[in-house]
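Below, all heavy atoms of this structure are taken into account, side chains as well, without hydrogens, waters or symmetry copies.
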Amino acid sequence: SQQITQHFSIAWVAAAITTQPANTNVTEAGTLTLKVAAAGYPNTYQWFKGDTALDPATANFDNSLHFPQGVTGPTLVISQLTADDAGQYHVVIGNPLGDKTSATATVAVANDTTAPTVVFVGAGSTNRVRVVFSRPISANTISVPVHYSVSGGVTVSDVAVTQPILASSPSVVDLITSGLTPGQQYTVSVTGVKDTRANNNVIGTNSTSFTAPVLRQGILNWDFYENIGGTSVESLTSDLQYPEAVYTNLVLTNFSTSAITGGDLAGNPGFGSLGNNYGSHVYGWLTPKEGGNYTFFIRSDDASELWLSTDAQAANVSEIAYEPGCCNAFLEQKDDGSVLQTSQPIHLDANKPYYIEAFQKEGGGGDYVEVAWRKEGDTTAAGSLTPIPGSLLSAYGPAVVADLKFDAPTLTAGKVTITWSGTGTLQESTDLVTWTPVAGNPASGFSVTPAAGAHKFYRLVH
């Protein structure tokens, strides 16, 4: 063993620190980077605050890593800084020929004194309005209905905290409101909310507009509820999140979630780890073109339930079929009526809308829910049926607007003129990350004189 050690030690080079970590003054909630450089081989690194080795698993309130690049490299990055991060840091460089300890870098964290802002308002339904803040807000101020006012006589009866659900530092809420008039523009004003910074900064005067959803043909609503264990539908409907704390809402163009999940929502880059242990609720109206008796079929991964109303009112629904387990095809009903995934024949009138909804609960692996139907007299085998098409479905969703499109910019006498089609707000940015509305909310034909050596990006937002 001594010979082997001597053999490998020929390549060892003693550690020598060439660049020490520097003292740093930073502002709360920002990101800090400390660096050390050292010669030597083979070197290992471990960062310390005071006498305590930093833990790479330390998480921020939103479950992101507090040390996103780890704590065992020459660079230490600290994200979402708080007052607790102030202190003295050093790194120990391990080497078989002797360890080296860097100089101590003092980190000072100044309080953030800027006020939080509202960055987005949008209606997810005719009685639910989402408000997104620029930063985490204290739970005891974000969830108070009187802190929100909606124009047009709309009242706010409750505030559902989400993302992360019931967290101590949320930045997203859903306002549960009285009915919104489809297609009407409203404004939301927020007062009295305080952020979670050390100063508990109070939001300033604000007013943000949004347009209520409209009834659209060809879609169904899809509400997504994250981080719920189990595979039964009851685990969704009994969870604190349901029904008000919707994580996100999308629309389907037929009675199938496969276009969103792709067979496994965890493979969708927009969901990732959220694609397991979730629940979904699909709902809208079904309007038959022909009257008659119809049989409904549901299939899903994992469990699901199918509910149908006797009319357009959601209050009159009853369960007509359910998938207790996973992954069956559409199945024919047996003579004894024992196939749970298939309904008994139900009479529906032509051109009459019926409220319809499905619940689906996902544990892990693949996931989808699909619903098909078949009119009496149709001989298509159950296994050959396809999901109910969008032409027979309707739901409330965002109004369809004309596509926003930039024309080619022109340069005349040192001025760039930007023109576009469609109705949108012009925003500008220097880094493609932080965007702000262009002052004066200009219409198409906006002109700007470029600054020498600078660059700026523009986009349109509706």
Donor-acceptor contact below 3.5 Å, side chain Tyr354 vs main chain Asp349: yes

Kindly indicate, with the supporting measurements, whether the criterion side-chain contact (heavy atoms from CB on, under 4.5 Å) is fulfilled by Arg128 and Ile176. CA-CA 5 Å; Arg128 189 176 71 241; Ile176 310 306; 4.1 Å; yes

Look up atom CH2 in Trp285 and atom CG in Leu393, then write down how far apart they are to the nearest 0.5 Å. 11.5 Å

Is there side-chain contact between Val193 and Val144, with at least one heavy-atom pair below 4.5 Å? no

Can you check whether Val371 reaches Val282 side chain to side chain, under 4.5 Å on heavy atoms? no

Gln241 pairs by side chain to side chain contact (heavy atoms under 4.5 Å, CB included) with which of Asp223, Val161, Ile228? Ile228

Distance, nearest 0.5 Å, that separates SG of Cys326 from CG of Asp302: 5.0 Å

Judged by atom type as modelled, is there a donor-acceptor pair below 3.5 Å linking the side chain of Glu28 to the main-chain atoms of Asp112? yes

Over 12 foreign heavy atoms within 6.0 Å of CD, Glu234: no

Give me the atom names and distance for the closest heavy-atom approach of Asp158 to Pro145. CA-CG, 4.1 Å

Where do Ala372 and Leu385 come nearest, in terms of heavy atoms and distance? CB-CB, 3.9 Å

Just how far is it from atom CG of Leu175 to atom OG1 of Thr155, taken to the nearest 0.5 Å? 11.0 Å

Min side-chain heavy-atom separation Phe67-Asp55 under 4.5 Å: no

Are Asp239 and Lys361 close enough for a salt bridge, meaning some N to O gap below 4.0 Å? no

Can you name the nearest heavy-atom pair linking Ser343 to Gln333, along with the distance? O-NE2, 4.1 Å

Between His455 and Thr430, which heavy-atom pair has the shortest distance, and what is it? NE2-O, 3.2 Å

Verdict with reasoning, Asn60 to Ser79, per side-chain hydrogen bond (donor to acceptor under 3.5 Å, both in side chains): CA-CA 8 Å; Asn60 299 313; Ser79 67; 3.0 Å; yes

Using atom types as modelled and distance alone, determine if a side-chain donor or acceptor of Thr58 lies under 3.5 Å from a backbone N or O of His66. no

Considering residues, nucleotides and ligands other than Lys194, do more than 12 of their heavy atoms fall under 6.0 Å from its NZ? no

Nearest non-hydrogen partners of Pro116 and Ile203, listed with the distance: O-CG1, 3.2 Å

Quick one about Asn254 and Ser256 (side-chain donor to acceptor, distance below 3.5 Å, no hydrogens or angles considered), yes or no? no

Under 6.0 Å between ring centres, would you say that holds for Phe224 and Trp222? yes

Step by step, would you call Phe296 with Leu286 a side-chain contact (heavy atoms from CB on, under 4.5 Å)? CA-CA 12 Å; Phe296 289 82; Leu286 168 65; 3.7 Å; yes

Close side-chain approach of Tyr322 to Phe359, heavy-atom, < 4.5 Å: no

Hey, does Val246 have a side-chain heavy atom less than 4.5 Å from the side chain of Tyr225? yes

Shortest non-hydrogen contact from Ala123 to Pro213? CB-CD, 3.4 Å

Separation between CG of Leu252 and OG of Ser258, rounded to the nearest 0.5 Å: 9.5 Å

Give the C-alpha distance, both sets of side-chain angles, the deciding distance and a yes or no for side-chain contact (heavy atoms from CB on, under 4.5 Å) between Val172 and Arg130. CA-CA 7 Å; Val172 179; Arg130 171 149 294 184; 3.7 Å; yes

Any donor and acceptor pair, going by atom type alone, linking the side chain of Asp367 with main-chain N or O of Leu265 inside 3.5 Å? yes

Look only at the side chain of Ser444 and the backbone of Trp420, and say whether a donor-acceptor pair between them is shorter than 3.5 Å. yes

What is the distance from atom CD of Gln344 to atom CD1 of Ile320, rounded to the nearest 0.5 Å? 10.5 Å

Check: Gly124 main-chain N/O paired with Tyr396 side-chain donor or acceptor under 3.5 Å: no

Heavy-atom donor-acceptor pair, Tyr186 side chain to Thr181 backbone, under 3.5 Å: yes

Any chance you could lay out the side-chain hydrogen bond (donor to acceptor under 3.5 Å, both in side chains) test for Asn140 and Ser138, step after step, and finish with the verdict? CA-CA 6 Å; Asn140 63 338; Ser138 63; 3.1 Å; yes

Within 6.0 Å of NZ in Lys405, more than 12 heavy atoms from elsewhere: no

Do the side chain of Asn316 and the main chain of Ser309 share a donor and acceptor less than 3.5 angstrom apart? no

Counting only heavy atoms from other residues, nucleotides and ligands, does the tally under 6.0 Å from CG of Asp335 exceed 12? no

Report yes if the side chains of Lys375 and Asn293 come closer than 4.5 Å at any heavy-atom pair, otherwise no. no

Sidechain-backbone polar pair: Glu244 side chain, Val159 backbone, donor-acceptor under 3.5 Å: no

Set out, in order, the CA-CA distance, both residues' side-chain angles and the distance that settles side-chain contact (heavy atoms from CB on, under 4.5 Å) for Thr141 and Asn200, then state yes or no. CA-CA 10 Å; Thr141 65; Asn200 285 138; over 6 Å; no

Is any side-chain heavy atom of Glu323 less than 4.5 Å from a side-chain heavy atom of Glu370? no

Between Thr113 and Asn111, is the side-chain hydrogen bond (donor to acceptor under 3.5 Å, both in side chains) condition met? List the steps. CA-CA 6 Å; Thr113 59; Asn111 289 348; over 6 Å; no

Between Leu348 and Trp373, is there a side-chain heavy-atom distance shorter than 4.5 Å? yes

Checking the side chain of Thr257 only, and the main-chain atoms of Val369 only, is there a donor and an acceptor separated by less than 3.5 Å? yes

Within this structure, what is the CD-CD distance for the pair Glu357 and Glu319, rounded to the nearest 0.5 Å? 10.0 Å

